[in-house]
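Note sheet for the following structure.
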Amino acid sequence: MASGTYWTIRTAAATALAVSAGCATSLDSGTGDGATPAPGASRASKAPSGAGDRAAGPSGPPGATPRPGEVGRFPRPGDGLPPVISSIPTERKVVFLTIDDGWEQDPGFVAQVRDRRIPVAAFVTRDAVEARGTADPTAQGGRFLGAGKWRYVRDLRDAGATIENHTLTHPNLPMLGYEGQKTEICGVSRLIRRHTGTAPTLFRPPFGNHNTLTRRAAKACGIDALLLWTATVQPGGKIAYQVPDKKLRPGDILLLHFRPNLARDFRILVAKIKRRGFEIGNLDAYLKAAAR
């Protein structure tokens, strides 16, 4: 297992499964041009002229927000580096939606996030957003592959999603040294701030693979925490659980990808979560409550 200090209420076995799940396929069968601000700016930081602010919601943040005293505290890492989180410490029936990469840029997905006020954290990769090189094989064949590029990411931001860090090129980070990992993480942080107006504070390592150098590099790039997951979402909105009883649990973090039929699969997933009596939580609000 990759090294790191875990903030989680899961057992060690469940966490190991989460790390080994793989970002692109295992369970689911450069930097910008021009001058850029430092990547460690807070979410409230303004970008250079031309980048819009996040649109304010009509009635506060989307999704379920924590009740007083609901969320347990995360233990502090002893080494001062960003922690690795795989679930949120709550007993409330609430789960959290995250989505990785950025290949299939389906406007129907953005419309659902906006119109139904569904909280989502998007972890974007430069090569996916800009449709560089060879696409993720599971994303090929989509109708909207790289269609909107960074404009699509801004649309998603304006719909209420948070835009987070998933590296420039989606490498296996432990195969790189410290400087290589820092280039990957800081590079996409600069791009995100340049194109959206805010720097990311969360980082998801590709495939879930990381080591101490990853956490060191993430800290140098202004990242507060590494975020893993407890279940993945397959085509058709099917949930691939990583626990023996094959059920959603309070505080679960679900991982989707920008893949063909995203709007349809997302609609199926949201309906399934609600049928099972769960709310969709606002990840940003819950992380802040747990960190206090």
Side-chain angles (χ1 to χ4, degrees), residues 4-8 31-32 36-48 51-57 61-63 65-66 71 73-77 79-89 96-102 119-126 129 150 153-154 156-168 173 181-206 208 210 214-229 253 255 281-292:
T5 302
Y6 286 80
W7 285 353
T8 178
T31 58
T36 56
S42 69
R43 286 201 187 282
S45 301
K46 294 295 185 287
D53 297 336
R54 182 190 303 279
T65 54
V71 187
R73 288 189 175 187
F74 291 132
R76 289 184 181 275
D79 55 11
L81 297 177
V84 183
I85 300 169
S86 60
S87 64
I88 303 299
F96 305 89
L97 301 183
T98 66
I99 185 165
D100 282 10
D101 301 335
V120 173
F123 291 80
V124 299
T125 300
R126 180 203 60 190
V129 171
W150 288 102
V153 175
R154 287 193 296 273
L156 192 54
R157 172 209 63 190
D158 292 343
T162 59
I163 309 301
E164 307 293 357
N165 188 315
H166 197 42
T167 72
L168 291 168
L173 287 173
Q181 295 198 46
K182 184 179 174 184
T183 295
E184 286 282 342
I185 300 168
C186 287
V188 84
S189 281
R190 285 192 292 268
L191 278 175
I192 290 169
R193 185 179 179 191
R194 178 178 175 227
H195 287 286
T196 72
T198 56
T201 58
L202 298 177
F203 171 61
R204 175 164 283 157
H210 61 91
T214 311
R215 295 170 61 230
R216 282 181 53 203
K219 181 177 181 179
C221 298
I223 297 297
D224 293 337
L226 279 64
L227 197 80
L228 300 184
W229 59 90
I253 297 171
L255 166 62
N282 186 292
L283 179 64
D284 195 46
Y286 269 82
L287 287 173
K288 288 175 180 175
R292 291 193 185 104

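Along the sequence shown, the residues carry numbers beginning at 1. Since the model is a prediction, treat every value here as computed from it, not as a measurement.
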Exercise for review: Kindly determine whether F123 and L255 satisfy side chain to side chain contact (heavy atoms under 4.5 Å, CB included), including the steps that lead there.
Suggested key: CA-CA 10 Å; F123 291 80; L255 166 62; over 6 Å; no
Review point. Mind checking whether P77 and R215 have side chains closer than 4.5 Å, heavy atoms only?
Key: yes
Review point. At what distance, to the nearest 0.5 angstrom, does CD of E164 lie from OG of S189?
Key: 9.0 Å
Practice item. Mind listing the closest non-hydrogen atom pair of P82 and K219 along with its distance? Key: CD-CB, 3.6 Å
Check your understanding: Is there a donor-acceptor pair under 3.5 Å between the side chain of R154 and the backbone N or O of T196?
Key -> no
Study note, to complete from the structure: From the list I192, V120, T198, L202, side-chain contact (heavy atoms from CB on, under 4.5 Å) partner of I163 resolves to I192
Practice item. Of all the heavy-atom pairs spanning R157 and G197, show the shortest one and how long it is. Key: NH1-N, 4.4 Å
Point to revise | Residue among L226, T98, T167 satisfying side-chain contact (heavy atoms from CB on, under 4.5 Å) with R204 | key: T98
Review point. With K182, which residues qualify under side chain to side chain contact (heavy atoms under 4.5 Å, CB included), at least two apart?
Key: Y178, E179, C186, A217, A220, C221
Review point. Is any side-chain heavy atom of L191 closer than 4.5 Å to a side-chain heavy atom of L168?
Key: yes
Practice item. Take L227 and L283, measure what side chain to side chain contact (heavy atoms under 4.5 Å, CB included) needs, and give me the verdict at the end. Key: CA-CA 11 Å; L227 197 80; L283 179 64; 3.7 Å; yes
Point to revise | Heavy-atom side-chain contact between I85 and L287 under 4.5 Å | key: yes
Review point. Are any of the side-chain heavy atoms of H195 and V153 separated by less than 4.5 Å?
Key: no
Practice item. List for me each residue that meets side chain to side chain contact (heavy atoms under 4.5 Å, CB included) alongside P66, sequence neighbours excluded, and say none if there are none. Key: E70, V71, A285, Y286, A289
Exercise for review: List for me each residue that meets side chain to side chain donor-acceptor pair (under 3.5 Å) alongside Q181, sequence neighbours excluded, and say none if there are none.
Suggested key: N211, T214
Check your understanding: Would H166 and V188 satisfy side chain to side chain contact (heavy atoms under 4.5 Å, CB included), going step by step from the backbone distance to the final call?
Key -> CA-CA 8 Å; H166 197 42; V188 84; over 6 Å; no
Review point. Below 4.5 Å, heavy atoms only, C-beta onward: do I223 and N165 meet side chain to side chain?
Key: yes
Exercise for review: For L81 and R216, run side chain to side chain contact (heavy atoms under 4.5 Å, CB included): C-alpha distance rounded to whole Å, both residues' side-chain angles, the deciding distance at 0.1 Å, then the answer.
Suggested key: CA-CA 6 Å; L81 297 177; R216 282 181 53 203; 3.8 Å; yes
Revision key, fill the gap. Smallest heavy-atom separation, P61 atom then T65 atom, equals CG-CG2, 3.9 Å
Check your understanding: Got a salt bridge between D284 and K288, using NZ or NE/NH1/NH2 to carboxylate O under 4.0 Å?
Key -> yes
Check your understanding: Got a donor-acceptor contact below 3.5 angstrom from the N282 side chain to the P62 backbone?
Key -> yes
Revision key, fill the gap. Closest non-hydrogen atoms of F74 and A291, given as atom of the first, atom of the second and distance, are CD1-N, 4.2 Å
